[in-house]
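Following: one structure in structure tokens, then a few remarks.
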Amino acid sequence: MTPMKVLLVEDERRMAQLLARGLGEEGHAVDVCHDGETALRQAADVPYDVVVLDWALPGLDGVSVLREWRAKGVAVPVLLLTARGSTGEKVTGLRAGADDYLVKPFDFEELLARLEALHRRGGEHLAETRVGGLSFDAHRRTLSFEGREERLTGREYGLFVELSGHRGDVLTRTKLLSTVWGADFDGAPNVVDV
């Protein structure tokens, strides 16, 4: 299984916490947003592999967010996760630009399998990446340099993806905490230095 950088947009905080924990335990880097406006900015700033998007969000709803992303050319695969299960609602979500649709309540294993399928079809994700003398294998989650290979933890993977996606840019501690550790991280900020 290839590790993914996932944006989870869910206003129900308990649900978001459970999903983020489950995806993290599967080795994926997860950022969490609780409203549509934040999600719009987040997807524009960070290259995600997949997005899990709730329809019923405060302020700007998930379908409106999705339409804006697609209008702006954001091509990330999106799984619309919602309690709305009628055929008409599914058609609305898919026509707005969703790549898949899952009705609550759902089984976590099915959600995971659907995200993995979206990721495989995403097309923009490279299994192997080179940054200078480093070689990164996403399938095995290893980083190689001068014949030496190291397996990355989930956090190391997220940090590498974030840094390599912003080559030449200076990233603040706050930005790294938000994108790699997550917006809900409440530990000491010096964890980035460590």
Side-chain angles (χ1 to χ4, degrees), residues 1-36 38-40 42-43 46-67 69-70 74-125 127 138-141 151-158 161 178-186:
M1 169 185 50
T2 304
M4 297 177 282
K5 181 128 178 90
V6 180
L7 175 60
L8 172 60
V9 187
E10 170 63 62
D11 65 322
E12 188 181 317
R13 292 183 185 267
R14 179 78 175 131
M15 169 76 79
Q17 183 182 27
L18 290 171
L19 287 176
R21 182 181 305 136
L23 291 168
E25 288 172 358
E26 292 293 328
H28 306 299
V30 183
D31 289 343
V32 179
C33 295
H34 299 292
D35 62 82
T38 304
L40 276 177
Q42 192 76 9
V46 180
Y48 289 100
D49 293 313
V50 293
V51 174
V52 178
L53 178 63
D54 186 18
W55 185 323
L57 296 171
L60 196 61
D61 68 65
V63 170
S64 299
V65 169
L66 187 52
R67 286 185 176 125
W69 279 341
R70 297 312 188 219
V74 176
V76 62
V78 174
L79 181 138
L80 198 57
L81 183 64
T82 178
R84 300 174 187 218
S86 75
T87 300
E89 290 165 327
K90 290 177 186 177
V91 168
T92 297
L94 292 168
R95 286 190 173 154
D99 298 279
D100 199 356
Y101 195 104
L102 188 59
V103 178
K104 297 175 184 177
F106 59 91
D107 182 80
F108 179 76
E109 290 301 316
E110 181 181 1
L111 171 74
L112 188 59
R114 286 174 180 263
L115 291 177
E116 290 167 355
L118 287 175
H119 186 221
R120 282 193 305 271
R121 292 191 308 259
E124 294 184 33
H125 179 78
H139 291 296
R140 297 181 322 134
R141 198 163 50 186
R151 181 158 173 76
L152 301 178
T153 65
R155 187 78 68 215
E156 290 168 339
Y157 167 76
V161 167
S178 173
T179 57
V180 178
W181 278 261
D184 293 334
F185 178 75
D186 61 356

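- For the atom pair Q17 CD and L8 CG, the distance stands at 11.5 Å (nearest 0.5 Å).
- Shown here for G27 and P3, the closest heavy-atom pair between the two residues is O-CB, 3.7 Å.
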Handout entry: Residue pair D99, R70: steps toward the salt bridge (charged side-chain N to carboxylate O under 4.0 Å, His left out) verdict
Key = CA-CA 11 Å; D99 298 279; R70 297 312 188 219; 2.9 Å; yes

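- Nearest heavy atom pair, residue W69 against residue L40, reads NE1-CA, 3.6 Å.
- The one candidate from R114, M4, K5, H28 that meets the side-chain contact (heavy atoms from CB on, under 4.5 Å) condition with H119 is M4.
- By the 4.5 Å heavy-atom criterion applied to side chains, L102 and L81 are counted as neighbours.
- For the pair E89 (side chain) and S86 (backbone), a donor-acceptor distance under 3.5 Å is present.
- A side-chain contact (heavy atoms from CB on, under 4.5 Å) with L80 is found for exactly one of V63, L94, T92, V52, namely V63.
- In this structure the side chain of E25 reaches within 4.5 angstrom of the side chain of R21, judged on heavy atoms.
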Practice task
Could you check V74 against V51 for side-chain contact (heavy atoms from CB on, under 4.5 Å), going step by step and ending with a plain yes or no?
Solution key: CA-CA 11 Å; V74 176; V51 174; over 6 Å; no

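- For V32 against A20, the heavy-atom pair with the smallest separation is CG2-CB, 3.9 Å.
- Proximity of L79 to L115: side-chain heavy atoms (C-beta onward) are separated by under 4.5 Å at one or more points.
- The minimum heavy-atom distance between L23 and F108, with the atom names listed, is N-CZ, 3.8 Å.
- Look at K104 and E12 and you find no salt bridge, because none of the NZ, NE, NH1 or NH2 atoms lies under 4.0 Å from a carboxylate O.
- Using modelled atom types, one side-chain atom of D61 and one backbone atom of S64 make a donor-acceptor pair closer than 3.5 Å.
- Between L66 and G93, the closest heavy-atom pair is CD2-O, 3.9 Å.
- Residues V103 and Y101 share a closest heavy-atom pair of CG2-CE2, 3.8 Å.
- Separation of atoms CG (D49) and CD (E116) is listed at 12.0 Å; rounding is to 0.5 Å.
- Atoms CD and CG, on E10 and D35 in that order, are 12.0 Å from each other to the nearest 0.5 Å.
- With contacts defined as side-chain heavy-atom distances shorter than 4.5 Å, the pair V9/L7 qualifies.
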